[in-house]
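Residue numbering restarts at 1 for every chain, and letters A, B, ... go by the order of the sequence lines.
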Amino acid sequence: QMERMIVSMQDPDMGIKMRNQRLLITVIPHAMTGNDIVEWLIQKYGISEEEALHLGNLIVKHGYIYPLRDPRSLVLRADESPYRFQTPYFWTSTKWPATELDYAIYLAKKNIRKQGDLIEHEKDNYNLLHKRINHTWDFVVMQAREQLRAAKQRRRGDRIVIDCQEQAYWLVNRPPPGVPNVLERGPERRNCHTTRVQLNKNMDYYKREIEYCRKAMARTRVKSSICLEGYIKFNEQYVPHDPIMSGCLPSNPWITDDTTYWAMNAPTVTTPTKLRVERWGFNFSELIMDPLGRAQLLEFLKKEFSAENLSFWEACEELRYGEQSRIAEIVDSIYQQFLAPGATRWVNIDSKTMERTLEGIKTPHRYVMDDAQMHIYMLMKKDSYPRFLKSDLYKNLLAEAIIPPETKKRVFPFMRKQRHSSPSPALLLPAGDAEERSRSPSTAPVPEEES
Amino acid sequence: QTFLAIVFGPCDKCSKEKPLRPVYIKSEQLSYCSLCVEMGITPKHRDLPGQSFHERLSNHQLFAVHQVAERVEALGQFVMKTRRTLKGHGNKVLCMDWCKDKRRIVSSSQDGKVIVWDSFTTNKEHAVTMPCTWVMACAYAPSGCAIACGGLDNKCSVYPLTFEKNENMAAKKKSVAMHTNYLSACSFTNSDMQILTASGDGTCALWDVESGQLLQSFHGHGADVLCLDLAPSETGNTFVSGGCDKKAMVWDMRSGQCIQSFETHDSDINSVRYYPSGDAFASGSDDATCRLYDLRADREVAIYSKESIIFGASSVDFSLSGRLLFAGYNDYTINVWDVLKGSRVSILFGHENRVSTLRVSPDGTAFCSGSWDHTLRVSA
């Protein structure tokens with residue numbers, strides 16, 4: 001993709017103005033200044049100067065443009081220093097294997113020319129290579145001498161250009177120590193074309209494909225416009241709660257080093273903040289997933305004599321996300337507490353679901369309670385939740401909720417507040433308890449803030 | 001909807017014998033074969049009657065999010081700075097994850113080291129050395145008591161976090177997942193007891209941590225799976241995965257079946273992340289674009305790209321309200337996109353090598369980015 005950009009740069013009409021540059025006494029054709037490059041990038045892509053410089057720098061680092069004056073460092077300077085485009089022969093995308101032999105020839109040439117005065121790391125590499133490919137060393141030296149002789153016959157300008165090109169190429173492929181190698185890649189990935197994944201196209205596969213397509217066609221699709229409206233509504237609701245968009249009170253802990261915000265919004269705190277209580281009103285999900293909200297919901301349900309619904313739901317969650325080995329045990333406990341006739345906390349499920357669940361319990365598995373759990377969840381969501389929002393309990397919570405004052409900006413912003421560490425959640429409970437706790441997904445241990 | 005009687009005969013355009021459809025061009029009725037119908041209709045004739053179903057459908061396809069979001073206010077200038085720099089990894093940082101306490105993070109690197117930091121104070125709390133290099137996946141357990149990581153060793157291992165001085169963390173290590181190729185991503189579900197993994201062997205799998213048993217496996221990707229994300233809803237049972245076959249697939253955890261799949265990217269999908277409401281997800285790919293897909297409408301609804309961005313996006317995440325999309329790129333920068341308007345809000349520099357991983361903190365106050373320059377930066 002970089003190449004597309006380079007090609008458009010070289011375009012005679014829209015590309016960068018190229019002038020003949022003077023370098024020492026010789027004239028180099030088709031060169032441009034660093035400034036030109038940056039300006040062109042800014043204009044073409046509508047980006048800021050900082051970004052253009054950054055992008056230009058990357059182009060140089062990857063070896064598509066090389067500097068003429070200071071060929072040893074691949075850096076873009078936004079001034080009058082001259083640059084040239086690298087010939088496509090040397091582009092990194094050709095994946096020309098930069099073999100040791102080639103590198104050896106290059107170093108040998110340099111050695112001869114500079115009469116032994118190579119840079120430190122190049123000297124090291126030269127010696128290393130000498131040792132490694134000793135058998136072909138004569139060949140290397142001969143090649144180097146030939147190339148130098150051929151080069152002498154060219155014009156001075158061309159010679160400089162070719163030298164710079166080669167140098168840039170080797171800078172990219174054999175970076176000096178300390179400079180990151182831009183050609184580095186992560187572990188090799190396989191894409192569709194070189195895949196090892198065998199999609200066994202047998203009967204099963206096609207059966208599944210047919211099933212998938214059938215389901216896909218039968219699925220109801222919502223009109224895009226409605227979905228997009230949904231995003232806007234969601235955005236309106238949540239933006240005031242987004243610390244990056246709207247800031248947070250009293251202050252963002254990362255900016256002011258003040259952890260009050262976290263202390264005030266800890267999972268269990270006596271008085272929640274106003275924003276938090278408001279959030280419980282957005283949808284049922286917010287209420288039930290917040291430990292404090294859930295506790296309040298429990299209080300409310302107790303008053304309505306339907307607290308067992310929430311307990312049942314929590315137990316089902318434990319089943320869904322719990323350990324494989326305990327499934328039978330949990331299913332049994334749920335049955336005893338909530339579903340058996342005459343159970344202490346019997347939950348009210350419709351008879352069909354009850355029948356199906358009781359049948360499923362005979363062969364307990366992780367998802368056996370899903371139907372019942374969903375039924376109870378919907379019951380709470382559609383029935384109890386709207387009443388909760390209208391109740392005095394909730395209204396009181398809203399009234400008592402605090403809006404933390406904004407921390408006053410300090411006079412000396414450079415004085416950093418001492419950053420206190422908070423105890424790790426792993427520390428709070430002794431090892432045995434930690435395992436106990438980690439089994440119940442709904443409650444997380446509370447890191448208490450030191451004041 | 002009226003059904004057209006199909007006439008068979010020579011097409012007026014290409015003269016081939018095919019089933020024909022009536023087509024109106026400049027108020028003249030012609031009969032084209034279906035191929036010429038697809039190719040021949042120019043936008044001018046969009047609203048003429050007698051249009052085939054195909055044409056009407058393709059004309060509506062370009063409905064994107066920014067058209068609806070025109071009346072939403074534009075965002076002002078954003079000032080985000082690096083607030084913390086975490087140095088300590090000896091090699092490229094490949095992956096990181098936040099703890100639910102909003103300040104601790106776990107990060108993994110190429111040299112096999114996995115470190116748990118309190119990023120607020122920048123202290124290192126735990127460090128483990130894995131027996132393999134390129135640890136590409138790491139995750140924090142919801143309880144904060146354990147971490148999971150894996151990479152070229154094809155396994156996912158869970159380490160319980162302990163502060164006892166005499167304990168060697170590696171001693172209590174539990175090897176949970178076994179794949180036939182490298183592990184590219186892992187994540188705990190709602191509890192410490194289950195882990196979801198994605199691997200270079202083209203499959204995802206759900207494991208029980210305690211016993212190491214495979215609970216469910218997900219086949220369907222045609223190449224390496226690079227990333228996954230769990231749906232935020234507590235009633236849902238789905239997750240999305242993205243892979244080198246350019247597809248993003250949504251799976252049902254219970255049945256192991258693929259529910260939906262999206263294939264509009266031009267190259268490997270490096271990262272997927274659900275929108276906070278759970279109705280959509282974003283993906284970042286090597287083709288230098290990020291895209292937003294809506295699950296209910298079953299299609300792509302936005303593309304976030306710019307001509308000047310030519311490097312692939314390695315990692316994406318939403319801000320808490322879903323208004324901003326942070327994307328880390330291989331050109332060492334982080335671009336911040338306005339999700340609704342489809343435009344770029346700002347660009348953040350600071351890293352000296354590729355940004356390999358980026359996550360927003362659980363309460364949305366900051367985001368942390370890890371890079372190949374051996375550091376992690378928390379910005380707010």
**OP:** Kindly determine whether D257(A) and R84(B) satisfy salt bridge (charged side-chain N to carboxylate O under 4.0 Å, His left out), including the steps that lead there.
**Re:** CA-CA 11 Å; D257(A) 289 347; R84(B) 303 281 189 278; 2.8 Å; yes
Original post:
Heavy atoms, side chains only, cut-off 4.5 Å: are P142(B) and D192(B) in contact?
Top reply: yes
**OP:** Against chain B, work out which of E211(A), H54(A), R366(A), Q237(A) has the most heavy-atom pairs shorter than 4.5 Å and name it.
**Re:** H54(A)
Original post:
Where the side chain of S191(B) meets the backbone of Y321(A), is there a donor-acceptor pair that is under 3.5 Å apart?
Top reply: yes
Subject >> Max heavy-atom pair count under 4.5 Å with chain A, selected residue of D373(B), D118(B), D294(B), N330(B) >> reply: D294(B)
**OP:** Flag the pair R276(A) and D290(A) as a salt bridge only when some basic side-chain nitrogen lies within less than 4.0 angstrom of an acidic carboxylate oxygen.
**Re:** yes
**OP:** May I ask you to test the Y332(B)-F311(B) pair for a side-chain heavy-atom distance under 4.5 Å?
**Re:** no
Original post:
Are the aromatic ring centres of F318(B) and Y275(B) under 6.0 angstrom apart?
Top reply: yes
Original post:
At a heavy-atom separation under 4.5 Å, does P276(B) approach chain A through its side chain, its backbone, both, or neither?
Top reply: both
**OP:** Walk me through it: do W117(B) and T122(B) pass the test side chain to side chain donor-acceptor pair (under 3.5 Å)?
**Re:** CA-CA 6 Å; W117(B) 317 71; T122(B) 72; over 6 Å; no
Original post:
Is the Y140(B)-F188(B) ring centre distance short of 6.0 angstrom?
Top reply: no
Original post:
Taking Y238(A), Y377(A), Y367(A) one by one, which has the highest count of heavy-atom pairs under 4.5 Å against chain B?
Top reply: Y367(A)
Original post:
If you count heavy-atom pairs under 4.5 Å between each of T189(B), V360(B), D331(B) and chain A, which one has the most?
Top reply: D331(B)
Original post:
Which atoms of I259(B) come close to chain A, meaning under 4.5 Å heavy atom to heavy atom: side chain ones, backbone ones, both, or neither?
Top reply: both
Original post:
So which part of P240(A) gets closer than 4.5 Å to some heavy atom of chain B, the side chain, the backbone, both or neither?
Top reply: neither
**OP:** Against chain A, work out which of S379(B), G322(B), S321(B) has the most heavy-atom pairs shorter than 4.5 Å and name it.
**Re:** S321(B)
**OP:** Report the option among L215(B), T203(B), T133(B), D279(B) that has the most heavy-atom pairs separated by less than 4.5 Å from atoms of chain A.
**Re:** L215(B)
Original post:
Any idea which of R344(B), Q260(B), Q257(B) has the most non-hydrogen atom pairs under 4.5 angstrom with chain A?
Top reply: Q260(B)
Subject >> Pairs of heavy atoms under 4.5 Å with chain A: top-ranked of L320(B), N237(B), T333(B) >> reply: L320(B)
